[in-house]
2 protein chains.
Amino acid sequence: MARTRGSFAEDTKGRIFNVAAALFAGRGFAAVSMRDIAAEAGVRAGTLYRYTPDKNTLLCDLGTGHLRALIAAWEACDQTDPLAAFVRNHLSFSLARPDTAVIASRELHCLSDDQARAVFALRTDYETTLGRILLTRGLSPEEAVFTTRSILAMLSQVPIWFRARGGLSAQELAMRYVDMTRRMVPLPATA
Amino acid sequence: MARTRGSFAEDTKGRIFNVAAALFAGRGFAAVSMRDIAAEAGVRAGTLYRYTPDKNTLLCDLGTGHLRALIAAWEACDQTDPLAAFVRNHLSFSLARPDTAVIASRELHCLSDDQARAVFALRTDYETTLGRILLTRGLSPEEAVFTTRSILAMLSQVPIWFRARGGLSAQELAMRYVDMTRRMVPLPATA
DNA sequence: GTCTATAGCTGGATAGAC
DNA sequence: GTCTATCCAGCTATAGAC
């Protein structure tokens with residue numbers, strides 16, 4: 001309980017980034033103003049620029065941060081059954097951080113050039129991970145391409161609509177998606 | 001070749017709507033200004049307001065127009081094999097109009113309230129159509145919900161990345177998606 | 001039917017007080 | 001570390017000439 005007064009910079013930064021993620025995910029990057037973010041975070045607009053050089057960098061950091069952490073989570077996984085592990089990791093990670101998940105899948109086209117390249121490289125990395133898993137299950141390179149995109153498309157949509165009230169739990173949902181994904185990839189190589 | 005001079009209103013309107021669709025799909029609704037649309041369409045900004053009351057209505061009309069035409073195309077289909085017909089119709093329609101397809105799937109969250117409701121109703125209609133097909137194939141209502149969303153998510157992503165150069169043709173791609181979708185829906189009811 | 005001109009706002013970002 | 005105050009660029013939408 002030290003430091004009940006003084007520097008709250010870390011709290012402020014966290015609050016700003018969380019609030020920005022929520023607003024970007026909800027209304028879209030371009031429709032959210034720095035003043036909106038500031039108001040929701042309980043500071044004034046000028047203060048935001050202590051924590052980010054500009055609005056685009058804020059979006060970029062949210063996107064790359066999410067993707068980096070997602071890839072790190074995957075690398076820390078038990079990958080005995082790679083396809084199932086991939087689906088489970090993607091869903092559990094994304095449902096724990098739905099705002100940045102939505103941003104990483106739907107808002108990054110607002111970035112310009114240099115920043116876009118950085119994020120795009122991460123996303124390609126991640127796609128390639130899934131692509132390789134599909135190849136080891138016997139898909140042709142051509143099939144692997146659109147199957148990878150299809151699986152990621154359907155997984156990325158989940159945080160937009162799923163709410164763990166009433167219906168399936170997140171774990172149950174993940175099981176269903178593992179089953180569905182297995183059926184999409186016809187022939188396991190372990191014959 | 002009558003009327004090489006005089007009223008070109010219809011051409012202008014078509015050009016404006018096409019240009020707007022392309023820009024909204026490419027950069028996102030909020031990042032495109034009326035001036036951008038006007039410049040690309042070869043008119044001045046004020047002229048746009050002869051053809052739409054405001055920018056939001058323009059987006060709304062593009063979205064509802066796409067969805068209405070998509071549903072009409074479905075209703076005109078040979079529906080002997082409903083699931084395959086649905087997938088083929090969705091892909092061929094969307095790939096013929098990739099800009100409005102992207103708008104209908106990704107840009108409509110920029111609309112506000114009344115307009116959003118109108119579009120949302122159309123999209124729900126369309127989702128329900130697919131949901132019913134899945135129910136007749138023996139899926140439980142619960143499974144039908146997330147399977148519907150998964151199929152539409154993966155289909156809606158296609159116009160974002162697919163270009164008919166080099167690789168698969170649109171028809172070949174549609175065949176693969178029909179196969180993949182059939183595998184996602186485990187048990188045909190026609191036993 | 002298209003233009004010019006502009007009103008009226010809101011946006012991102014900065015400077016300097018405290 | 002946060003605030004106040006502000007600059008100025010860019011936006012939507014309108015009014016009225018041609």
Side-chain angles (χ1 to χ4, degrees), chain A residues 2-21 23-24 26-63 103 107-116, chain B residues 2-21 23-24 26-63 103 107 110-116:
Chain A
R3 200 164 55 147
T4 53
R5 301 208 163 233
S7 166
F8 287 91
E10 278 312 308
D11 297 275
T12 304
K13 178 163 187 170
R15 230 168 46 239
I16 288 171
F17 275 66
N18 285 337
V19 160
L23 291 176
F24 291 165
R27 273 189 262 157
F29 171 73
V32 175
S33 74
M34 294 300 263
R35 286 176 175 83
D36 293 337
I37 299 169
E40 200 79 14
V43 296
R44 299 302 190 141
T47 304
L48 298 179
Y49 293 87
R50 289 261 143 205
Y51 301 100
T52 182
D54 54 54
K55 193 188 172 196
N56 270 285
T57 305
L58 179 51
L59 175 66
C60 186
D61 288 347
L62 287 170
I103 289 170
E107 294 298 326
L108 296 178
H109 62 109
C110 297
L111 291 173
S112 41
D113 295 348
D114 285 357
Q115 294 175 322
Chain B
R3 200 164 55 147
T4 55
R5 297 200 169 241
S7 164
F8 287 92
E10 279 312 308
D11 296 275
T12 304
K13 177 162 189 171
R15 232 167 46 239
I16 287 170
F17 275 67
N18 285 336
V19 161
L23 291 176
F24 290 165
R27 273 189 261 156
F29 172 73
V32 174
S33 74
M34 294 300 261
R35 282 192 243 277
D36 293 336
I37 299 169
E40 200 80 15
V43 296
R44 300 301 191 143
T47 304
L48 298 179
Y49 293 87
R50 289 262 142 204
Y51 301 100
T52 182
D54 54 54
K55 194 188 169 195
N56 270 287
T57 305
L58 179 51
L59 176 66
C60 185
D61 288 347
L62 287 170
I103 289 169
E107 295 298 325
C110 298
L111 291 173
S112 41
D113 293 348
D114 285 356
Q115 294 174 322

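As the structure is a computational prediction, the values presented were derived from the model and not from experiment. Note on naming: letters A, B, ... go to the chains in the order of the sequence lines (proteins, then strands), and numbering restarts at 1 for each one.
- Atoms OH (A:Tyr49) and P (D:dT6) sit 18 Å apart, rounded to a whole Å.
- Remark: C1' of C:dT2 and CE of B:Met34 are 15 Å apart, rounded to the nearest angstrom.
- Between A:Ala45 and B:Arg35, the residue whose closest nucleotide on DNA chain D is further toward the 5' end is A:Ala45.
- A 4.5 Å side-chain heavy-atom check between A:Lys13 and A:Thr52 finds every atom pair outside the cut-off.
- Atom CG in A:Leu48 sits roughly 12 Å away from atom P in C:dT14 (whole-Å rounding).
- Residue order along DNA chain C, read from the 5' end via each residue's closest nucleotide, puts B:Gly46 first among B:Gly46 and A:Pro53.
- For the pair B:Lys55 and B:Phe29, the cation-pi criterion (under 6.0 Å, within 45° of the ring axis) is fulfilled.
- Of all nucleotides listed (D:dA13, C:dG11, D:dT12), C:dG11 comes nearest to the side chain of A:Ser33.
- The listed nucleotides are D:dC11, D:dA13, C:dC3; the one nearest the side chain of B:Val43 is C:dC3.
- Residue B:Thr12 has a polar side-chain atom (N or O) positioned under 4.0 Å from OP1 or OP2 of C:dT2.
- Spacing between atom OH of A:Tyr51 and atom P of D:dC3 amounts to 10 Å, rounded to whole angstrom units.
- Taken to the nearest 0.5 Å, the CZ atom of A:Arg50 stands 12.0 Å off from the CG atom of A:Leu48.
- Counting non-hydrogen atoms under 4.0 angstrom, B:Thr47 reaches a base of the nucleic acid.
- Between A:Arg44 atom CZ and C:dA13 atom P the separation is 19 Å, expressed in whole Å.
- Note: CZ (B:Arg27) to C1' (D:dG10) measures 14 Å, nearest angstrom.
- Whole-Å rounding puts the A:Lys55 NZ to C:dG11 C1' distance at 8 Å.
- The structure places CD1 of B:Ile16 at 8.5 Å from CD1 of B:Ile37, a figure rounded to the nearest 0.5 Å.
- If you find the closest nucleotide of DNA chain C to B:Gly42 and to A:Val32, the one lying nearer the 5' end belongs to B:Gly42.
- Taking atom CD1 of B:Ile37 as the reference point, atom P of D:dA13 lies 10 Å away to the nearest angstrom.
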**Request:** Go through A:Leu58 and A:Tyr51 one step at a time and tell me if the side-chain contact (heavy atoms from CB on, under 4.5 Å) criterion holds.
**Result:** CA-CA 9 Å; A:Leu58 179 51; A:Tyr51 301 100; over 6 Å; no
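- Heavy-atom nearest nucleotides on DNA chain D were determined for B:Asn56 and for B:Arg50, and the one closer to the 5' end corresponds to B:Asn56.
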